[in-house]
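Count residues from 1 along the sequence.
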Amino acid sequence: MRRWLYRALLLMFAALTACSAVPVSEVDSLQDDRPIELSVWLLPGTGLEPLIAEYDRDHPELKIRVVTAQYADVHSNLQTALAAGYGAPDVVVIEGTFIDRFKGFSSHFYNLYDYGAKALAGEYLDWKWINAQNANHSFLLALPTDIGPILIAYRRDLFEKAGLPSDRESVSRMLSSWDDYIEVGKTLKEKTGTKMFNSLRTMYRLMFSQLGEQYFDQTSGKLILQDNAELRKAWDYTMKAANSGLSAGIEPYLPEWGLGLEQGSFAVMLAPPWMTGIMRNTAPAASGKWDLAELGPQQYGNWGGSYLALPKEGEHPEEAFALIRYLTSPAQQLRLFVDNGNFPSVPGVYEDKAIHDKIDPYFNDAPVGKMYSDAARKVKPIYIGSLADVVETALDDVLMQVDNGTLSPDQAWNEAVQRTEVALRDYP
């Protein structure tokens, strides 16, 4: 037995000696040759996947894995991962509605100012950049990607039928106040039988998107739904439109919406750049009947657009920052506009022929590149609030109830306030 144990020990020693024959420096070299792995979470439709694939191919030292999930899932999964302390990616896309929420988790993100982002500020629209900073401008959560400046899409043929001015400049001047929207809507209804808006949510979004402070106080973060006089004004005008029968009660993306676009069930839509493509693809038979006008004087709005941020769980912030810098650079944002329709947040490319000279035959050859560039420059910084999506959902539900006739306009405000307060109870 002792002889057998002695032989076994000799064999073990020989094996250990053989294993240690590889120099430590060679082991380190093998490890250094492994590519750095980066994980990226995206929303559908960003168009970033081909750019990331190119970047991955051109950087053999990297291995980039992209995961695309639905709008709500990306943000809820990110919040869960940050709270748990594990599971977050190296790079994540954050839609604009959620930017203030995740600024509240800034300790879980790398400050992009630590990686040279301050030198890039002048490349981006001021309002888009400011919305990604903290209050004292010492922390930058994310780099801006695309934006959604708002134009008015309108049925030129229906405006003409109603005896209203129908060229772009005249429509913009004609809709220079909220009272004008109501009066034009009444004329359209009386003369053509069509509704002004596809839904009440359209008119409400048009108005509230122009408020510098919306649902929450910028200093305290307190809900100001009942204290914000301008927001209440937007709501009251929307209810005035409801009482006047100016809404078709048709939500976007439903089959009835496509028919409405073609048949003229409604005469006005909000049209950020990404919406124009959806309209074009949904109702091709209406090509040339729709046109675009800029919002009236002193009016502006943005709907949509995202950012790219770096959660601190990522172990390679320098490489991750280099990636998002590439993806949000002027050259790549211009490519995304050409290839995917994303409107850039970098005004330096607005004079490029691909944007400046772009027209859209679907919208009666509207010079969309120039119009969206002008609209983008008018937008101002807004304070969204960390739980804006919760409030929006509650209010949208009420507006849809008014649209379908299950709730009267007179009851809607109190119902909206109550639903908002109930919804916010689930959030500490």
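Residues Ile382 and Val379 are not in side-chain contact: their nearest non-hydrogen atoms beyond the backbone lie 4.5 Å or more apart. When side chains are defined from C-beta on, Phe139 does not count as touching Tyr113, because their heavy atoms never get closer than 4.5 Å. Taking 4.5 Å as the limit, some side-chain heavy atom of Val40 sits within range of a side-chain heavy atom of Leu323. Put simply, the side chain of Asp56 does not reach to within 4.5 Å of the side chain of Val66, judged on heavy atoms. Proximity of Pro149 to Asn302: side-chain heavy atoms (C-beta onward) are separated by under 4.5 Å at one or more points. Pro344 has its side chain within reach of Tyr350: a pair of non-hydrogen atoms, C-beta onward, lies under 4.5 Å apart. Side-chain contact between Thr46 and Thr145 is absent, with no heavy atoms from C-beta onward closer than 4.5 Å. Within the 4.5 Å cutoff, no side-chain heavy atoms of Phe159 are placed close to those of Asp291.
A cation-pi arrangement is absent between Lys312 and Phe105 under the rule of less than 6.0 angstrom and at most 45 degrees off the ring axis.
Without hydrogens or angle criteria, Ser209 side chain to Leu206 main chain gives a donor-acceptor distance under 3.5 Å.
When every heavy atom of Lys103 is checked against every heavy atom of Ile130, the shortest pair comes out as NZ-O, 4.4 Å. Heavy atoms only, all atoms of each residue included: Leu125 and Ala376 are closest at CD1-CB, 4.1 Å. Residues Glu95 and Gly304 come closest through the heavy atom pair OE2-CA, 3.8 Å. Smallest separation of non-hydrogen atoms from Ile324 and Leu112: CD1-CD1, 4.0 Å. The two residues Gly305 and Lys128 have their closest heavy-atom pair at C-NZ, 3.6 Å. Between Ala309 and Pro311 the shortest heavy-atom distance is O-CD, 3.6 Å.
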Applying side-chain hydrogen bond (donor to acceptor under 3.5 Å, both in side chains) to Thr328 and Tyr124, what does each step give before you reach the verdict?
CA-CA 10 Å; Thr328 62; Tyr124 299 85; 3.0 Å; yes

Does Asp360 form a side chain to side chain contact (heavy atoms under 4.5 Å, CB included) with Asp365? I'd like the steps, not just the answer.
CA-CA 5 Å; Asp360 193 330; Asp365 288 336; over 6 Å; no

Taking it one step at a time, do Asn364 and Arg156 satisfy side chain to side chain contact (heavy atoms under 4.5 Å, CB included)?
CA-CA 9 Å; Asn364 196 37; Arg156 192 181 186 103; 3.2 Å; yes

Applying side chain to side chain contact (heavy atoms under 4.5 Å, CB included), run through Tyr326 and Glu54 and close with a yes or a no.
CA-CA 11 Å; Tyr326 171 80; Glu54 284 184 16; 3.9 Å; yes

Going through the checks in order, is the side-chain hydrogen bond (donor to acceptor under 3.5 Å, both in side chains) test met by Ser408 and Asp410?
CA-CA 5 Å; Ser408 75; Asp410 293 339; 5.2 Å; no

Evaluate Thr80 against Asn77 for side-chain hydrogen bond (donor to acceptor under 3.5 Å, both in side chains), listing each step before the verdict.
CA-CA 5 Å; Thr80 299; Asn77 291 347; 5.4 Å; no

Worked verdict on Leu82 versus Phe102 for side chain to side chain contact (heavy atoms under 4.5 Å, CB included):
CA-CA 10 Å; Leu82 296 181; Phe102 287 106; 4.0 Å; yes

Table please: side-chain donor-acceptor pairs of residues 390-402 below 3.5 Å, with sequence neighbours left out.
unit_1: Thr393; atom_1: OG1; unit_2: Asp389; atom_2: O; d: 2.9
unit_1: Asp396; atom_1: OD2; unit_2: Arg201; atom_2: NH1; d: 2.8
unit_1: Gln401; atom_1: OE1; unit_2: Arg419; atom_2: NH1; d: 3.4
unit_1: Gln401; atom_1: OE1; unit_2: Arg419; atom_2: NH2; d: 2.2
unit_1: Gln401; atom_1: NE2; unit_2: Thr406; atom_2: OG1; d: 3.4

Listing, residues 254-277 side-chain donor-acceptor contacts under 3.5 Å, not counting sequence neighbours, or none:
unit_1: Trp274; atom_1: NE1; unit_2: Trp303; atom_2: O; d: 2.8
unit_1: Thr276; atom_1: OG1; unit_2: Pro273; atom_2: O; d: 2.6

Enumerate, atom names and distances included, each donor-acceptor pair closer than 3.5 Å involving a side-chain atom of residues 83-92, sequence neighbours excluded.
unit_1: Asp90; atom_1: OD2; unit_2: Ser39; atom_2: N; d: 2.8
unit_1: Asp90; atom_1: OD2; unit_2: Ser39; atom_2: OG; d: 3.2

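Partners of Ser166 under the side-chain hydrogen bond (donor to acceptor under 3.5 Å, both in side chains) rule, at least two apart in sequence or in another chain, are Glu160. Every residue two or more places apart in sequence or in another chain was checked for a side-chain hydrogen bond (donor to acceptor under 3.5 Å, both in side chains) with Asn131, and none qualifies. Taking Lys161 as the reference, nothing meets the salt bridge (charged side-chain N to carboxylate O under 4.0 Å, His left out) condition, with sequence neighbours excluded. With sequence neighbours left out, Arg377 forms a side-chain hydrogen bond (donor to acceptor under 3.5 Å, both in side chains) with no residue at all. Residues forming a ring-ring contact (aromatic ring centres under 6.0 Å, His included) with His59 (at least two apart in sequence, or on another chain): Tyr55. Among residues two or more places apart in sequence or in another chain, the salt bridge (charged side-chain N to carboxylate O under 4.0 Å, His left out) test is passed with Glu183 by Lys186.
One distance of note links CZ of Phe321 with CG of Leu308; it measures 11.0 Å at 0.5 Å rounding. Rounded to the nearest 0.5 angstrom, Ile99 CD1 and Ile94 CD1 are separated by 5.0 Å. Once rounded to the nearest 0.5 Å, the distance linking CH2 of Trp129 with NZ of Lys118 reads 8.5 Å. Rounding to the nearest 0.5 Å places CG of Asp73 at 10.0 Å from CH2 of Trp41. Atom CG of Asp180 and atom CE of Met174 lie 8.5 Å apart (nearest 0.5 Å). With rounding to the nearest 0.5 Å, the separation of OH in Tyr362 from NZ in Lys289 is 9.0 Å.
Aromatic pair Phe343/Phe337: centroids less than 6.0 angstrom apart. In this structure, the ring of Phe98 has its center less than 6.0 angstrom from the ring center of Tyr71. In this structure, Tyr215 has its ring center under 6.0 Å from that of Phe208.
With a 6.0 Å radius and a threshold of 12 heavy atoms from other residues, nucleotides or ligands, Glu61 has its CD atom above the threshold. The number of heavy-atom neighbours closer than 6.0 Å to CG of Asp339, taken from other residues, nucleotides and ligands shown, is above 12.
Pairs of residues two or more places apart, or lying in two chains, that qualify as side chain to side chain donor-acceptor pair (under 3.5 Å) and include a residue from residues 367-376 are Lys370-Asp374. Within the structure, salt bridge (Lys or Arg N to Asp or Glu O under 4.0 Å) pairs that include any residue of residues 313-333 comprise Glu123-Arg325 (at least two apart or interchain). Within the structure, every pair that satisfies the side chain to side chain donor-acceptor pair (under 3.5 Å) test and touches residues 221-234, not counting sequence neighbours, is listed here: Arg232-Asp236.
No donor-acceptor contact under 3.5 angstrom links the side chains of Ser177 and Asp179, judged on distance only.
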